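First up is the structure itself, then whatever we jot down about it.
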Amino acid sequence: MSFSETPHELRVADAVDFLAPKLNPKWQELISGVSVTGVILGSGLGSLAEKIQPQLTIKYGDIPGFASSTASGHRGELIFGTLHGKPVIAMAGRLHRYEGWSNDQVSFPVSVMHALGARRLIASNAAGGLNPNLRVGDIIVLSDHVDWLHQRSASFSSSPKRTGFLRADRPIYRRELIDQALLAARNNSFRAFEGTYLATLGPTYETRAEYRMMRRLGADVVGMSTVPEVLTAASLEMDVLALSVVSNVASPDDAIIADHEEVLQAGDAAAGKLESIVRFVTG
Ligand code: HPA
C-alpha cells in the first residue's frame with residue numbers, strides 16, 4: 001500500500017510503535033504529569049535546537065511514515081529532550097508543500113507528536129513583512145491566517161472527526177498563548193505584534209503586485225508554511241502558538257526582492273527572541 005492509501009491514523013501508529021521503545025524510561029519519567037510541547041523550527045531557526053538537552057535525536061528519513069526534509073536551512077531531525085527543563089518534541093526543520101509533499105505529509109509529524117503526548121504546539125517560521133510598519137527581526141504572533149494552500153479542500157485526513165473542525169468557540173490560535181508571547185517580548189525588550197499570516201505554496205517569493213494585493217487582503221506577513229501543521233494541531237485540540245520572524249519587508253514600490261540567504265540570516269538572528277518566548281510560554 002502506498003503512503004497515501006494507508007490511513008493517516010495507522011501510519012501514526014506505525015511511527016509511534018517505532019519511536020516509543022526508543023524513548024528511555026528517563027523520558028517517560030520526565031513527561032509524566034507535565035505537559036509536553038511540540039516545537040517546529042522553521043527557516044534558519046534551527047539554532048534553537050542547539051539549546052535543547054536531547055534524549056533522543058532521530059532523522060525524519062528513519063521514522064516510518066515521515067517524509068524527509070530537503071529545503072536548505074532545515075536539518076530534518078526530530079529531537080526529544082528538554083528546553084530549560086521542560087519536555088519538548090522538536091522538529092529541527094519542517095517539511096514544505098513546495099518540496100512536493102502533500103498537506104498530509106507536511107502535518108504528519110504533528111499527529112505523531114500528539115500521539116506521543118504533546119498537547120501544545122509552538123510553530124515558527126520566517127516570513128516576509130507586508131505591513132509597512134514592520135522591520136526585519138520583528139516577531140509576529142499569529143492570531144489568524146489566510147490559507148492559500150487550500151487545506152480545507154484537501155483530503156488530508158481519513159478521519160470523519162477531523163472534517164469541518166473549525167469552530168468559532170475554539171479559535172485556532174489560543175488567546176492566552178498570544179498574550180503570553182507578547183508579554184515575553186515586552187519583558188525582554190524586543191518588538192512583537194499580533195498579526196495575520198498568509199500562506200502561499202511558494203517556492204517563489206512574491207511579485208510587487210502580489211505583495212500589494214496580499215496587504216490589501218489584510219495580511220501582515222506572508223510565508224510558505226505553518227498552516228497545514230497548525231490546522232492539524234487544532235483538529236487534535238492542541239493549544240497552538242505560531243510565531244513569524246520577519247526576514248524581509250516587502251517594499252512593492254522599490255526594486256528590492258527577497259532572497260533565501262537573507263531569510264536564513266534573519267532566522268538565525270531572531271533565535272534568541274523565540275527562545276525567550278518558548279521559555280516563557282512553557283515555564
Ligand atoms: N514571501 C514568502 N515567503 C517568505 C518571504 C516572502 O517575502 N520571506 C520569507 N518567507
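These numbers were taken from a predicted model, which means no experiment stands behind them. We count ligands from 1, going down the list as the structure has it; atoms in each ligand are counted the same way.
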Reported OG-to-CG distance for the pair S244 and D138, which is rounded to 0.5 angstrom: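 It comes to 11.5 Å.
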
Show the atoms of ligand 1 that are less than 4.0 angstrom away from any heavy atom in [X].
{"X": "E206", "result": "1 (N), 2 (C), 6 (C), 7 (O)"}
{"X": "M224", "result": "2 (C), 3 (N)"}
{"X": "N248", "result": "5 (C), 6 (C), 7 (O), 8 (N), 9 (C)"}
{"X": "S247", "result": "8 (N), 9 (C)"}
{"X": "Y211", "result": "1 (N), 6 (C), 7 (O)"}

Residues R120 and T282: side-chain donor-acceptor under 3.5 angstrom: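 No, no side-chain donor-acceptor pair sits under 3.5 Å.
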
Cationic N near anionic O, under 4.0 Å, R175 to E194: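 Salt bridge: yes.
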
E206/R215 salt bridge by N-O under 4.0 Å criterion: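 Salt bridge flag = no for E206 with R215.
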
Connected hydrophobic set around V34, excluding itself, where side chains approach under 4.5 Å: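 Same cluster as V34: nobody, lone residue.
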
Polar contact flag for Y205 and ligand 1 (N/O pairs, less than 3.5 Å):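 Checking ligand 1 against Y205, no N or O pair falls under 3.5 Å apart.
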
Nitrogen or oxygen atoms of T200 and ligand 1 under 3.5 Å apart: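 Among all N and O atoms of T200, none is under 3.5 Å from an N or O of ligand 1.
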
CZ (R135) with more than 12 external heavy atoms under 6.0 Å: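 Check fails, neighbour count at 12 or below.
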
Ligand 1 contact on A127 by region, counting heavy-atom pairs under 4.0 Å: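 Answer for A127: backbone.
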
